[in-house]
Protein chains: 2
Amino acid sequence: MIFGSLREELRDQIVEICRIVSLKKGAYLFREGDLSKGFYIVNRGAVSLHKISSEGDQQVLKIFSAGESFGEATVISFTRYPANARAECDTMLVRVDKAEIQRLARANEQIAQCLAIAVAGHLKHLVSHMEDRAFLSPESRVAKWISSQSVRGAFEAAYGFEMEAPKRCVADELGMASETFSRKLRALKDKGLIEVSKKQIRVVNPVGLNKIVELGD
Amino acid sequence: MIFGSLREELRDQIVEICRIVSLKKGAYLFREGDLSKGFYIVNRGAVSLHKISSEGDQQVLKIFSAGESFGEATVISFTRYPANARAECDTMLVRVDKAEIQRLARANEQIAQCLAIAVAGHLKHLVSHMEDRAFLSPESRVAKWISSQSVRGAFEAAYGFEMEAPKRCVADELGMASETFSRKLRALKDKGLIEVSKKQIRVVNPVGLNKIVELGD
DNA sequence: CGTGAGATTGATATATCTCAACAGAAGTGG
DNA sequence: CCACTTCTGTTGAGATATATCAATCTCACG
């Protein structure tokens with residue numbers, strides 16, 4: 001919640017410069033190198049921020065879900081988006097216009113602050129992401145990802161959560177081949193730690209799952 | 001050059017809140033979880049920002065050399081350093097005090113701006129770092145690293161550059177075992193692209209080196 | 001000149017990627 | 001509403017590149 005700390009009056013000012021954007025699954029919001037029109041806040045759905053190599057394989061930096069925002073850095077500093085953004089399912093988000101938010105940020109210290117904090121948050125996330133990749137085995141990464149997804153809502157512990165993005169995309173985010181993701185998911189199921197049905201995942205044994213995260217497989 | 005865009009008067013204000021810090025090789029500037037005292041600008045030497053896993057192996061986020069700064073995000077947003085910083089050779093840097101720079105940033109828009117831009121720069125660097133790891137072979141990564149190091153100064157094309165950090169540390173930054181780094185360095189030498197002597201590396205064939213970066217080995 | 005940290009080289013194991021075939025779901029269109 | 005096509009995910013078998021382990025070497029420094 002990027003502007004969660006602002007008082008209502010300021011938030012109203014921001015709402016006025018927002019524009020709703022709807023995307024069908026697979027549609028691109030922007031591509032690497034495009035001029036920035038502003039940053040985005042996901043309302044519902046999922047957007048993957050990713051790079052694509054010359055050989056065509058992709059590296060997912062992060063999948064953003066409802067409530068999360070991305071692209072703030074292009075308001076503060078760069079003029080072009082440094083990666084691609086694509087809807088991984090039907091998605092609705094708001095665009096916060098670049099020129100307008102810059103105007104508001106200049107007028108109000110706190111808004112500029114919020115943007116800077118958001119960028120710092122992204123930096124922190126990337127660091128821990130790199131850390132996970134370097135230190136954790138594929139199975140541990142899958143386990144950690146499941147844990148982090150299932151703490152979002154309380155009832156999700158009971159009913160499980162739904163994967164909004166295709167599995168191949170999640171696999172890319174976790175830095176492994178989609179086949180490997182598939183196998184590791186199965187391994188966790190066979191150990192009785194989770195239940196998988198279609199796009200639903202439910203954690204059966206949270207303690208055991210965390211053991212996988214910490215001790216490897 | 002984080003404050004390079006500021007007019008002299010403002011820079012003088014900042015100089016006043018700086019404190020020189022000297023570190024011997026191997027000494028820690030701060031550790032993960034320490035309360036932030038401010039951010040740092042490297043004057044000479046090299047500092048590695050890294051994480052250490054429970055099993056003891058390290059993941060180097062970046063090695064900072066003269067002129068580069070790090071830790072700005074702890075001024076903007078977090079209160080604790082999210083990684084370890086260690087001098088990889090005898091190093092001199094300046095600390096910009098947290099409370100003081102916050103005071104100046106509040107008083108002057110432009111200073112806050114500089115900090116935010118620096119953080120955004122770090123974010124961008126990490127992204128391209130992850131990209132390289134995902135898409136490039138170890139040999140390509142070594143080649144790219146050498147290229148990037150040797151463009152710093154013009155005369156370095158002729159005399160080569162000196163590695164300030166130990167090879168094992170550079171290897172960690174490039175995401176490979178130090179043995180692999182050693183082998184890849186040798187491979188590039190055997191191909192006649194570079195010359196290596198001790199800690200000096202000189203690029204003999206820049207074109208061929210870039211070919212390795214782009215086409216793999 | 002001796003000592004030790006850092007670097008190189010060699011041999012090996014293994015985990016994951018890759019390629020390929022298959023299965024199932026979902027969407028399309030008549 | 002049912003075939004048909006397409007897309008996504010699953011499973012299997014095998015190759016390969018790099019991590020790992022271990023031995024040796026080099027050089028800086030005391």
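So you know, we letter chains A, B, ... as the sequences are listed, proteins then strands, and number each from 1.
As rounded to whole Å, 18 Å separates atom P of D:dA28 from atom NZ of B:Lys24. Summarising the geometry, the separation between CG on B:Asp172 and C1' on D:dT20 is reported as 14 Å, rounded to the nearest angstrom. As rounded to whole Å, 11 Å separates atom P of D:dA28 from atom NZ of B:Lys25. With rounding to whole Å, A:Ile201 atom CD1 is found 13 Å from D:dG9 atom C1'. At whole-Å resolution of the value, CG in B:Leu174 and P in D:dA19 are 11 Å apart. For B:Lys189 and C:dT9, the NZ to C1' distance is 12 Å, given to the nearest whole Å. Distance CG (B:Leu136) to P (D:dA17): 16 Å, rounded to an integer number of Å. Rounded to an integer number of Å, the gap from B:Met163 CE to D:dC27 C1' is 15 Å.
For an aromatic pair to be called close, the ring centres must be under 6.0 Å apart, and A:His50 with A:Tyr28 satisfies this.
Note: A:Glu164 CD to A:Asp90 CG = 11.0 Å, rounded to the nearest 0.5 Å.
Within the structure, a side-chain polar atom (N or O) of B:Lys167 is placed less than 4.0 Å from OP1 or OP2 of C:dT8.
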Stepwise side-chain contact (heavy atoms from CB on, under 4.5 Å) check, B:Lys62 with B:Phe70: CA-CA 10 Å; B:Lys62 173 161 172 150; B:Phe70 58 94; over 6 Å; no
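Among the atoms of the strands shown, only primed sugar atoms or phosphate atoms (P, OP1, OP2) are found under 4.0 Å from some heavy atom of B:Lys184.
Both A:Lys199 and B:Met176 sit near DNA chain D, but only A:Lys199 has its closest nucleotide nearer the 5' end. In terms of position along DNA chain C, the nucleotide closest to B:Val196 lies nearer the 5' end than the nucleotide closest to the other residue of the pair A:Lys198 and B:Val196.
Closest of all the heavy-atom pairs between B:Val60 and B:His129 is O-CE1, 4.4 Å.
At distances below 3.5 Å, at least one donor-acceptor pair connects side-chain atoms of A:Glu68 with backbone N or O atoms of A:Ser65.
Looking at B:Glu100 and B:Arg19, no side-chain N of the basic residue comes within less than 4.0 Å of a carboxylate O on the acidic one, giving no salt bridge. Note on A:Lys199 versus A:Glu162: no salt bridge recorded, every NZ/NE/NH1/NH2 to OD/OE distance being 4.0 Å or above.
Considering only side-chain atoms of B:Arg168, the nucleotide from D:dG9, D:dT11, C:dA7 that sits closest is C:dA7.
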Any protein N or O atoms within reach of nucleotides 18-21 of chain C? Criterion: under 3.5 Å, listing atom names and distances.
unit_1 : atom_1 : unit_2   : atom_2 : d
C:dT18 : O4     : A:Arg183 : NH2    : 3.2
C:dC19 : N4     : A:Glu179 : OE2    : 3.2

